[in-house]
Amino acid sequence: MTEPAPAHPQLLRPRRGVERTTSTELFFDLVYVFTITQLSHYLSGNLDWPGVGRTAVLLGMVWLVWIYTVWMGNWLRPDRAPVRTTLLVVTLGSLLLAAALPTAFGGDGLLFAGAYAAVQIGRTVFAMWAIRGQPYVSDSFRQCLVWIAGTGLLALVGGLVGTPAREVIWIGVIAVDALGLATGFPVPGLGRSTPERWKVEGGHLAERCQAFVLIALGESILVTGGTLTQHLDRSGIFAFLLAFAGSVALWWVYFDRADTVMRALAEAGERAGRLSRLVFNYLHPVMVGGIVVTAVGDERLLHAPGHAVGWADALVVLGGPALFLAGHAAYQLVLGFAGVAGRVTATLLLLALTPGAVALGAPVAVTAGAALLVTAAVIVADRVSDRRVSQSRGPRSPLR
């Protein structure tokens with residue numbers, strides 16, 4: 001039996017290796033520069049356990065909006081007018097989401113939830129229309145829409161109630177979405193979607209997530225540069241150099257093998273869907289969260305480099321890189337790269353240093369320097385390992 005032709009073939013991305021990010025997608029990303037700044041400022045102003053938990057919830061919901069839009073762009077061509085228009089509408093909705101973020105657990109909860117639900121449901125409906133007739137993928141969108149509509153309505157319920165019920169319900173939104181994605185969005189009568197049938201361009205997804213990591217790192221650079229202008233003295237310049245070196249170290253850890261990751265996912269075939277689901281939907285927000293926490297640590301470093309570190313300071317200065325390295329260890333493990341043990345060791349070391357730094361009253365600058373040395377050790381270990389593997393067996397083939 002012949003498969004039906006796609007209803008809108010001109011809207012579909014051609015499958016020709018790694019598809020590059022378009023200007024429309026980059027314009028969409030601009031909103032998330034503002035969003036990450038909002039998240040960083042929210043965490044900085046609410047640096048206690050409830051504030052950390054709320055920041056994690058907000059990051060989770062923001063990430064769901066961004067990553068599902070990226071997945072849509074993996075199948076559709078953003079340079080076509082209907083797709084471009086939809087992306088611009090999603091950009092506007094994302095801007096409203098970001099604007100409501102600082103008071104999402106206060107008076108603007110319904111605005112935040114409404115923007116979230118409108119973007120998630122509206123974008124999925126459009127994608128289902130644009131891609132109908134495409135074997136397997138159109139079925140996946142129908143199944144996904146049922147779950148997305150459910151979580152969108154759940155988010156609205158959360159926006160209507162007060163705290164702590166709002167926190168619990170929005171955690172439920174993230175958990176239900178994660179469960180739906182992991183199980184293939186099962187729907188009675190429609191079955192479930194399997195990632196082997198998604199026809200994913202893994203290289204494009206890798207490139208898009210690399211862009212988001214750069215956006216998150218950009219927040220650290222903005223904090224570093226902006227704060228330096230207020231502290232142009234010897235200690236301020238030293239703290240500036242230390243914070244900048246920390247951002248470079250995180251960038252180096254992530255991007256040292258970025259091109260290899262992109263090529264490997266582009267060549268992963270049917271495995272690309274399953275791998276992309278795990279590393280991009282589940283693991284990347286962990287790394288992004290680590291970078292956001294690190295940016296808050298940089299702010300504390302730049303404002304008071306000589307002050308004795310407290311628990312809040314230690315948890316952001318040491319905990320940010322630890323969270324990033326933990327996420328990157330899982331990322332490396334899934335993709336089959338070496339260096340997992342080094343990242344796990346570095347994570348545990350950073351966590352172990354936290355109570356010691358507080359007990360000794362170490363200056364914030366010294367604590368940040370310790371975090372930098374641990375992260376730099378991971379980079380050095382990677383370079384040594386890569387050199388040894390190259391000399392003994394040739395380059396390691398990831399994902400095999």
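Starting from 1, each residue takes its place in the sequence as its number.
- Under the rule for a ring pair (Phe, Tyr, Trp, His ring centres under 6.0 Å), Y42 has no partner lying at least two apart in sequence or in another chain.
- Counting Ile, Leu, Val, Met, Phe, Trp and Tyr side chains that sit under 4.5 Å apart, directly or through other members, L156 shares a hydrophobic cluster with L110, L153, L160.
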Item to check | Verdict with reasoning, V89 to F126, per side-chain contact (heavy atoms from CB on, under 4.5 Å) | outcome: CA-CA 11 Å; V89 173; F126 169 79; over 6 Å; no
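- Side-chain atoms of D298 never come within 3.5 Å of backbone atoms of T224 as a donor-acceptor pair (strictly under, hydrogens ignored).
- Listed by first and then second residue, the salt bridge (Lys or Arg N to Asp or Glu O under 4.0 Å) pairs involving residues 236-250 amount to none (not counting sequence neighbours).
- Using modelled atom types, one side-chain atom of W170 and one backbone atom of A155 make a donor-acceptor pair closer than 3.5 Å.
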Donor-acceptor pairs are to be reported for all side-chain atoms of residues 240-253 against protein atoms at under 3.5 Å, with residues two or more places apart or in another chain.
| unit_1 | atom_1 | unit_2 | atom_2 | d |
| --- | --- | --- | --- | --- |
| S247 | OG | A243 | O | 3.4 |

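- Listed by first and then second residue, the salt bridge (Lys or Arg N to Asp or Glu O under 4.0 Å) pairs involving residues 43-60 are R54-E167 (not counting sequence neighbours).
- For E299 and H41, the side-chain atoms include no donor-acceptor pair closer than 3.5 Å.
- The closest donor-acceptor contact from the side chain of T151 to the backbone of I148 lies under 3.5 Å.
- Taking Y116 as the reference, nothing meets the ring pair (Phe, Tyr, Trp, His ring centres under 6.0 Å) condition, with sequence neighbours excluded.
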All N/O donor-acceptor pairs, side-chain side in residues 174-183, below 3.5 Å, sequence neighbours left out:
| unit_1 | atom_1 | unit_2 | atom_2 | d |
| --- | --- | --- | --- | --- |
| D177 | OD1 | Y68 | OH | 3.0 |
| D177 | OD2 | Y68 | OH | 3.1 |
| T183 | OG1 | L179 | O | 2.8 |
| T183 | OG1 | G180 | O | 3.4 |

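- Side-chain atoms of T35 and Q38 include no donor-acceptor pair closer than 3.5 Å.
- A ring pair (Phe, Tyr, Trp, His ring centres under 6.0 Å) check over residues 306-325, counting only residues at least two apart or in different chains, returns the pairs F324-H328.
- Remark: side-chain polar atoms of Q332 are paired, donor with acceptor, to backbone N or O of A338 under 3.5 angstrom.
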Donor-acceptor contacts under 3.5 Å from residues 357-379 side chains, at least two apart:
| unit_1 | atom_1 | unit_2 | atom_2 | d |
| --- | --- | --- | --- | --- |
| T367 | OG1 | P363 | O | 3.1 |
| T375 | OG1 | A371 | O | 2.9 |

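- Partners of W71 according to the side-chain hydrogen bond (donor to acceptor under 3.5 Å, both in side chains) rule, which considers only residues two or more places apart in sequence or in another chain, are N281.
- Atom CZ of F238 has 12 or fewer neighbouring heavy atoms from other residues, nucleotides or ligands inside a 6.0 Å radius.
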Tell me which donor-acceptor pairs under 3.5 Å the side chains of residues 208-222 have, and how far apart each pair is, sequence neighbours excluded?
| unit_1 | atom_1 | unit_2 | atom_2 | d |
| --- | --- | --- | --- | --- |
| R208 | NH1 | D29 | OD2 | 2.7 |
| R208 | NH2 | D29 | OD1 | 2.9 |
| R208 | NH2 | D29 | OD2 | 3.4 |
| Q210 | NE2 | A258 | O | 3.4 |
| E219 | OE1 | T37 | OG1 | 2.7 |
| E219 | OE2 | S40 | OG | 3.3 |

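- Here salt bridge (Lys or Arg N to Asp or Glu O under 4.0 Å) pairs that include residues 313-342, with residues two or more places apart or in two chains, are R300-D313.
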